Amino acid sequence: MERENFGSKIGAILAAAGSAVGLGNVWRFPIETGQNGGAAFIIVYVICILVLGLPIMISEFLIGRYTHANTAGAYRILSEGSPWKWVGRLGVFTGWFILCYYSVVGAWTMHYTLLSAINAFYDAPASQYENIFNSFVANPWMPTLWLFFFIAIIHFVITRGVKSGIEKSAKVMMPTLFVITAVLTVCSICLPGASKGVEFLLKPDWSKVDSTVILQAMGQAFFSLSLGMGCLCTYASYFDKKTPLAKSAVNVSIIDTVIAIMAGFIIFPSVFNIGMNPNEVGVGASLTFISLPNVFQQAFGDGTLLAVVFSTLFYFLLFVAALTSAISLHEVATAYVTEEFKMSRKKGASLVTLTILVLGTLCSLSFGPLSGIQLFDRNIFSLFDDFSGMVLLPLGGMLISIFAGWVLDRQLYRDEISNGGDLKTPYFKLLIFSLRYIAPLAIGLVFLDQLGVFNFMK
Ligand code: TRP
């Protein structure tokens, strides 16, 4: 079967960066940074990226590009006949799972873009925002309609193929995302009192950094770089043989981290401007859909054009970020289905789309009509979210690093990252050392820590 490649290096990097830059950059990273020591947390985070993130990202790139196959196929090819082939399948399954709940949030960002654009928050009292959100997600129709819309866009891009679908859309959406981020950052930094927000984000406080915070930084680095399943491996299977793997991984990590920090510059100046305590704004959905709409209205002038534009651009930014990540998740499953079951791309993509429509709808409805269905104290959405984030991803990441460090042939590894000897790889020994010892151990710790939180025994 003819297999497509990305048409250019920049296209490949933008697509991978599109996968990495997502909701995680905006709704988790800034608040974690502010609460956990500011610049000190950023330093810990960057160290996590250097010691864990990069080696694993490079390995995922390498496995994908070497085999030119979907993630399940890639591990099967590399581990013929051994149980290691299950790592690839686990990755595909994980991505599929993440996509179901991730799309639900993507759909919410569309609704909030529209609400902002029509000035729907004008004159809403602070207490009203929680109601607006809760009644929206509890509605049986609205979120589901948006979900279908969101998934339809993903489906459209995926069926157009790797070059004219994924790559082309990344080449449009990623620059758009950079420009919006820059514009919002400038607007935000010009607010009176912005310096307090910047200080909250950047003031280094090493006393806050303890083992829990380090584990948190690791988990965040992992999720934010899209590691631990097959996203980057699948994308790398469309890299050409000349793509420098290590350099690409560094570029993707830099883009991801810079956007995450800028998201903090977008959020916190407004929070301080209106005299709110950043410890009250929440994290994740409550930060994004309850606190921030209110914060932006008040900081930029309730109902004014500036507030409307700022808020609309912010949710549109989130939408673009979520969309490019969701596309990468869909591609993992689509590549798997089409290649392993020898289907046309159109058929394979439709099958994947159909399953996420069904499961995504269940996740979406779990805030409304299906909220009664609970397991381990969680609704369906949280089960998908926590099971993939706390169990499947760390497990996948650990297995990938063990596979790359212990199972993969050392010479093959060296040949691939040096592009057959063309590139110098002075970091090679360090990389292997991390893959063999540091990464499995560190991820194992995150895993155990999270399982503790996951209270199955309750
Ligand atoms: N990295 C994305 C974010 O920050 C989410 C994401 C996309 C992801 N693909 C992934 C996370 C694969 C883990 C694994 O929002």
Side-chain angles (χ1 to χ4, degrees), residues 16-34 45 94-113 116 133 136-137 143 146-147 149-151 153-154 170 173-174 176-178 180-181 184 216 219-229 231-232 252 255-268 281-293 296 311 313-330 332 356 360 363-364 367 381-382 384-390 392-393:
S19 174
V21 176
L23 296 165
N25 297 58
V26 182
W27 81 2
R28 277 215 100 86
F29 180 86
I31 190 84
E32 285 189 352
T33 303
Y45 181 80
T94 308
W96 217 314
F97 224 70
I98 296 178
L99 183 56
C100 296
Y101 79 86
Y102 202 84
S103 301
V104 172
V105 186
W108 295 349
T109 64
M110 293 172 90
H111 182 68
Y112 270 67
T113 308
S116 306
F133 179 67
F136 163 61
V137 295
W146 283 116
L147 177 71
F149 199 21
F150 188 76
I151 294 176
I153 302 174
I154 306 175
M173 289 199 280
M174 291 313 285
T176 309
L177 187 141
F178 299 144
I180 299 179
T181 308
L184 293 182
Q216 208 172 330
Q220 172 62 19
F222 227 71
F223 186 83
S224 191
L225 294 179
S226 299
L227 300 174
M229 35 88 56
C231 268
L232 298 178
V252 171
I255 295 175
D256 189 62
T257 308
V258 169
I259 298 280
I261 295 174
M262 285 173 84
F265 290 143
I266 294 175
I267 295 172
F268 289 111
V281 293
V283 52
S286 72
L287 167 76
T288 312
F289 299 107
I290 298 173
S291 303
L292 289 183
F296 293 151
S311 182
L313 280 179
F314 178 79
Y315 287 102
F316 187 69
L317 168 77
L318 270 176
F319 161 67
V320 174
L323 184 62
T324 50
S325 299
I327 290 170
S328 75
L329 289 160
H330 196 299
V332 176
I356 53 167
C363 288
S364 183
F367 293 98
F381 179 96
S382 307
F384 272 67
D385 180 358
D386 289 345
F387 185 58
S388 48
M390 294 177 169
L392 297 176
L393 278 182

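These numbers were taken from a predicted model, which means no experiment stands behind them.
- At a threshold of 4.5 Å between non-hydrogen side-chain atoms, the residues Ser103 and Leu147 count as touching.
- Note on ring orientation: taking the six-membered ring where Trp is involved, the planes of Tyr315 and Phe289 are parallel (angle under 30°, cut-offs 30° and 60°).
- Ring orientation note: the planes of Phe136 and His111 are close to parallel, at an angle under 30° on the 30°/60° scale.
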For residues 22-31, which side-chain N or O atoms pair as donor and acceptor with protein atoms under 3.5 Å away, sequence neighbours left out?
| residue | atom | partner | partner atom | Å |
| --- | --- | --- | --- | --- |
| Asn25 | OD1 | Gly22 | N | 3.0 |
| Asn25 | OD1 | Ser224 | OG | 3.4 |
| Asn25 | ND2 | Asp256 | O | 3.0 |
| Asn25 | ND2 | Asp256 | OD1 | 2.8 |
| Arg28 | NE | Glu32 | OE2 | 3.2 |

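- With rounding to the nearest 0.5 Å, the separation of CG in Leu329 from OG in Ser388 is 9.5 Å.
- With contacts defined as side-chain heavy-atom distances shorter than 4.5 Å, the pair Val137/Phe381 does not qualify.
- Looking at heavy atoms from C-beta onward, Tyr102 lies in side-chain contact with Ser325 at the 4.5 angstrom threshold.
- Residues Val21 and Thr324 form no side-chain contact, since every pair of their non-hydrogen atoms from C-beta on lies 4.5 Å or further apart.
- Under the 4.5 Å side-chain criterion, counting only non-hydrogen atoms from C-beta, Ser116 is not in contact with Phe314.
- Of the inter-residue distances, the one linking Leu317 atom CG with Phe178 atom CZ reads 11.0 Å to the nearest 0.5 angstrom.
- Classification of the Phe97-Phe387 ring pair by plane angle, with boundaries at 30° and 60°, yields perpendicular.
- To the nearest 0.5 Å, atom CG of residue Leu313 and atom OG1 of residue Thr176 are 11.0 Å apart.
- The number of heavy-atom neighbours closer than 6.0 Å to CZ of Phe265, taken from other residues, nucleotides and ligands shown, is above 12.
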